[in-house]
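Residues: numbered from 1 along the sequence shown. This one's a predicted model, so the numbers in the text were calculated from it and none came from an experiment.
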Amino acid sequence: MTTTEPGAATTPVWLRAEPPRARRKPPLTLGRIVELAVTALDEHGVEGLTMRLLAQRLDVTATALYWHVKTKDDVLDLAVDRIFGDVPIPDAGDDWMEDIRVLVRAWRDAMLRHPWAPGLIGRPMLGPNVLARTEFLQSALVRGGCRGLHLAVATRMLANYVIGASLTEATWRRTADPGARAAARDHIAASADTYPTLSASGHLDDTRWDDDLLFEEGLDAVVRAAAQTGTPDRARVSVNRRRSPTRP
């Protein structure tokens, strides 16, 4: 048998007072700011994201938002690091080249899911998610024999490759015009006398080979290039010194 307070059962639900709430909206945290920033960036891009829009999405005042992030640049840095958190770090295996391929493929996938991201990777990347994945990349290269200057060059080669490829693909996709690439291809074909090599090579012809194939072939070439033995650091420094003008 259920007991109730006197009069509670006879009071219509519409006339009962709403029970007090401990809080009427989620607390403002850095994590919540970043999650909504990523969503807004996916919808509006970098140019469309403003601090005012973000404050509205969070249902807070701009003053409250500025307690956690000082500028839009802060938000962009945090958002980029956030999506890197979606890139799984592989377990190190016996094949260091394949470890790099697995990481870089996932990196590309993450940036294509968030097409605003590739254009921001040139910013200082000091977030924990970015650094953890860069650490894995370099550790794999070290297992492959890269050291010193060779390690720095190989790291940049791989990073620039995946960023550039993702930026190009994301730009094509963002046009939302399925005929854009076909039109570019037709333009080159119609100007075969002017661009004979481009026309013969199938430049921009995704009917010959698609972005996935081009990315995989390019990645394999870059990883193999990274594995090649470079000029020892000490010899390279000596050459640079000989080329530098003599100082008094």
Side-chain angles (χ1 to χ4, degrees), residues 27-42 45-46 49 54 68-170 211-212 215-216 218-228 230 233:
L28 185 61
T29 64
L30 196 57
R32 186 164 165 252
I33 292 170
V34 174
E35 289 299 325
L36 283 180
V38 169
T39 300
L41 285 163
D42 289 343
V46 174
L49 176 67
L54 189 54
H68 296 269
V69 285
K70 301 302 181 185
T71 64
K72 178 179 173 178
D73 284 345
D74 288 347
V75 176
L76 295 177
D77 289 340
L78 290 165
V80 169
D81 193 67
R82 164 62 188 81
I83 69 166
F84 264 79
D86 293 336
V87 179
I89 299 178
D91 294 327
D94 297 331
D95 186 344
W96 66 273
M97 288 186 179
E98 185 58 24
D99 289 347
I100 288 176
R101 292 188 187 99
V102 171
L103 178 75
V104 171
R105 287 180 192 127
W107 181 357
R108 172 197 178 221
D109 290 344
M111 287 195 291
L112 291 180
R113 287 194 300 271
H114 306 282
W116 48 269
L120 296 177
I121 305 297
R123 303 166 62 80
M125 304 299 290
L126 299 177
N129 291 322
V130 171
L131 291 180
R133 283 141 188 86
T134 307
E135 170 67 24
F136 179 86
L137 175 63
Q138 285 210 343
S139 69
L141 288 167
V142 168
R143 284 188 281 126
C146 293
R147 297 289 189 280
L149 178 61
H150 188 200
L151 175 61
V153 171
T155 301
R156 179 167 291 191
M157 285 169 57
L158 285 159
N160 287 351
Y161 174 69
V162 66
I163 293 167
S166 300
L167 181 59
T168 300
E169 291 180 53
D211 288 334
D212 291 338
F215 182 82
E216 284 296 325
L219 175 58
D220 188 64
V222 174
V223 172
R224 292 185 182 280
Q228 295 177 0
D233 289 349

What side-chain donor-acceptor pairs closer than 3.5 Å can you find for residues 163-170, not counting sequence neighbours?
{"residue": "Ser166", "atom": "OG", "partner": "Val162", "partner atom": "O", "Å": "2.7"}
{"residue": "Thr168", "atom": "OG1", "partner": "Gly164", "partner atom": "O", "Å": "3.0"}
{"residue": "Glu169", "atom": "OE1", "partner": "Arg108", "partner atom": "NH2", "Å": "2.8"}
{"residue": "Glu169", "atom": "OE2", "partner": "Arg108", "partner atom": "NE", "Å": "3.2"}
{"residue": "Glu169", "atom": "OE2", "partner": "Arg108", "partner atom": "NH2", "Å": "3.3"}

In terms of heavy-atom contacts, does CZ of Arg113 have more than 12 from other residues, nucleotides or ligands at under 6.0 Å? yes
Do Trp107 and Ile83 come close enough that some side-chain heavy atom pair is under 4.5 Å?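 Not in contact.
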So do the side chains of His68 and Asp74 get within less than 4.5 Å of each other, counting heavy atoms only? no
[X] side, atom [atom1]; [Y] side, atom [atom2] - distance, nearest 0.5 Å:
X      : Y      : atom1 : atom2 : answer
Leu54  : Leu36  : CG    : CG    : 7.0 Å
Asp81  : Leu131 : CG    : CG    : 7.5 Å
Leu76  : Arg82  : CG    : CZ    : 15.0 Å
His150 : Leu141 : NE2   : CG    : 8.0 Å
His114 : Met111 : NE2   : CE    : 11.0 Å

Residue pair [X] / [Y]: nearest heavy atoms and the distance that separates them:
X      : Y      : result
Pro88  : Ala106 : CD-CB, 3.8 Å
Arg143 : Gly93  : NH1-O, 3.1 Å
Ile100 : Ala140 : CG1-CB, 3.6 Å
Met97  : Ala227 : CE-CB, 3.4 Å
Val87  : Ala110 : CG2-CB, 3.7 Å

Which of these, Leu219, Asp212, Asp211, sits in a side-chain contact (heavy atoms from CB on, under 4.5 Å) with Phe215?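 Output: one option passes, namely Leu219.
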Going by the rule side chain to side chain contact (heavy atoms under 4.5 Å, CB included), which residues pair with [X] if we only count those two or more places apart in sequence or in a different chain?
X      : answer
Ile89  : Ala132, Arg133, Phe136
Val142 : Arg147, Leu151
Thr134 : Val130

Using 4.0 Å as the upper bound for N to carboxylate O, is an ion pair formed by Arg101 and Asp220? yes
Partners of Asp109 by salt bridge (charged side-chain N to carboxylate O under 4.0 Å, His left out), sequence neighbours excluded?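 So Asp109 forms no salt bridge (charged side-chain N to carboxylate O under 4.0 Å, His left out) with any residue.
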For Asp95, check salt bridge (charged side-chain N to carboxylate O under 4.0 Å, His left out) against everything at least two apart and list the hits.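 Expected list: none.
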Go through it in stages, so that I can follow the logic: the residues are Leu30 and Val69, the test is side chain to side chain contact (heavy atoms under 4.5 Å, CB included), and I'd like the CA-CA distance, side-chain angles, deciding distance and then a yes or no. CA-CA 8 Å; Leu30 196 57; Val69 285; 3.9 Å; yes
Working note: Trp116 + Val38, criterion side chain to side chain contact (heavy atoms under 4.5 Å, CB included); need CA distance, chi angles, decisive distance, verdict. CA-CA 10 Å; Trp116 48 269; Val38 169; 4.3 Å; yes
